[in-house]
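The structure under discussion appears below in the form of structure tokens.
In each ligand, atom 1 is the first atom listed, and ligand 1 is the first ligand listed. Not measured: the values here are computed from a predicted model.
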Amino acid sequence: MRKSYLLTPGPTSIPENISALFARPIIHHRTPAFQSLFEDVRQGLKYLYQTKHEVLVLTTTGTGAMEAAVTNLFQKGQKVITINGGKFGERWTKLAKTFDLNPIELALPAGEAIEPSALEDCVRSHPDARAILFQASETSTGVVMPTKEICRIAAQAGMLSVCDAITACGVFDLPMDDWGIDVLITGSQKALMLPPGLATIALSEKAWKFNEQADLPRFYFDLAKERKSQAKNQTSWTPAISIIQGLQESLRMIREEGLHNVFKRHDLLARATRNAAKALHLELLSKNAPSNAVTAVLVPSSIQDGKQIPKIMRDKYGVTIAGGQDELEGKIIRLSHFGYCDRFDITTGISALELVLHELGHPFELGQGLAAVLRTFADSSKS
Ligand SMILES: Cc1ncc(COP(=O)(O)O)c(C=O)c1O
């Protein structure tokens, strides 16, 4: 017998009470029962997003909502600024090109966040750009971007701030209305603790104005049509009903814990993981802006084949973490600590990591990382 533990940055683990919901008979979506469920979900999403705007639920994964943002906001040929801090930032550029926009890409070295001054320079050089497209948390490198600053810069230049918060929303504070985030996106298989299949997106008044002028081709992802349907507690197409039932429960859990307590929990788990890495003589990929969603750690020079770390953790100990993607393949490992995750997921993850590092000959004393985790928890429970 061996238990399995999922510590990847999506999908994340699903709470037992949510999994149990999926065993119930399906309900029909054009019914009062669905409408009442959806009404509750709409309120819960406004709480999560800290917004008065409608948060639309789309049956798709996160990328679908990114595509919806692009096709519903812009006109052919328009210039947009994309911040490419990794695989997901690059996706904004690819989407923009696919739909005949003119992306100006600000590419960052792996592990770095955008410097607001560099963004300001870019905005000054491209005053005709219509928007800044970015990640609040770049999952491929474990970096948090300065969302508040980016939104301020966008607003001052009359541009939209389009924020992929797929591994940020419900992890750390991103108050949509207070910070003037024009478009905020998340996905179900992340902090919402659900299976993949839903994405949510909210638009500010300014973004809805852009939508009125947008002329890119779209059919399934027509946000104005969705807004009308969802105001009546309906969706334009057949939704992922079961995941929406799960969403009602996950939003209830988030409200019960309290949004700011959810953020504090993620902060603690992330700090414990970073402290463990340091104690194990491992270097973080991000020196200045590590994300509270996922910790990216450089494979130490003592280990030849970095891909062995996640492989052995999974195959021998049942603990699934993520490796690096593209040019970071074999160079980093990524331990996630968000969603349905508490202190003992971290002790489990770090224990398995230590066993594998030890097996691969990395020099450290067994238990050093775990001790750093426990010390972080003990210190936090004193304060
Ligand atoms: C920051 C970020 N953006 C976009 C995506 C793409 O989402 P999906 O795979 O759900 O389409 C992910 C998925 O990991 C992500 O982490």
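With no hydrogens or angles considered, a side-chain donor-acceptor pair links Glu16 and Tyr340 at under 3.5 Å.
Distance check, rounded to the nearest 0.5 Å: CG of Leu370 to OG of Ser351 gives 4.5 Å.
The protein heavy-atom contact nearest to atom 1 (C) of ligand 1 is Thr139 OG1, 3.1 Å. The closest protein non-hydrogen atom to atom 14 (O) of ligand 1 is Lys190 NZ, 2.6 Å.
With sequence neighbours excluded, the residues forming a salt bridge (Lys or Arg N to Asp or Glu O under 4.0 Å) with Lys87 are Asp326, listed by chain and number. Listed by chain and number, the residues in a salt bridge (Lys or Arg N to Asp or Glu O under 4.0 Å) with Arg375 amount to none (sequence neighbours excluded).
At a 3.5 angstrom cut-off on N or O pairs, Phe88 does not count as close to ligand 1. Between Gln135 and ligand 1, a contact under 3.5 Å exists for no N or O pair.
Salt-bridge formation is detected for the pair Arg252/Glu249: a Lys NZ or Arg NE/NH1/NH2 atom is positioned less than 4.0 Å from an Asp or Glu carboxylate oxygen. In this structure, Glu283 pairs ionically with Lys287, as a charged nitrogen and a carboxylate oxygen lie closer than 4.0 Å. No salt bridge links Arg218 with Glu67; every basic N to acidic carboxylate O contact stays at or beyond 4.0 Å.
Close approach of ligand 1 to Gly62 (heavy-atom distance below 4.0 Å) involves ligand atoms 7 (O), 8 (P), 10 (O), 11 (O). Of all atoms in ligand 1, listed by their number and element, those nearer than 4.0 Å to a heavy atom of Thr61 are 8 (P), 10 (O), 11 (O). Atoms of ligand 1 lying under 4.0 Å from at least one heavy atom of Thr63, given by number and element, are 6 (C), 7 (O), 8 (P), 11 (O). Within the listing of ligand 1, atoms 6 (C) sit less than 4.0 angstrom from a heavy atom of Arg91. For ligand 1, the atoms closer than 4.0 angstrom to any heavy atom of Met66 are 4 (C).
Of all the heavy atoms of Glu138, none lies under 4.0 Å from any atom of ligand 1, so neither backbone nor side chain is involved. If you look at Ser137 next to ligand 1, the close heavy atoms, those under 4.0 Å, all belong to the backbone. When non-hydrogen atoms are compared, ligand 1 lies under 4.0 Å from the side chain of Asp164 (C-beta onward) but not from its backbone.
In this structure, Val262 and His266 have side chains that are in contact, with non-hydrogen atoms separated by less than 4.5 Å.
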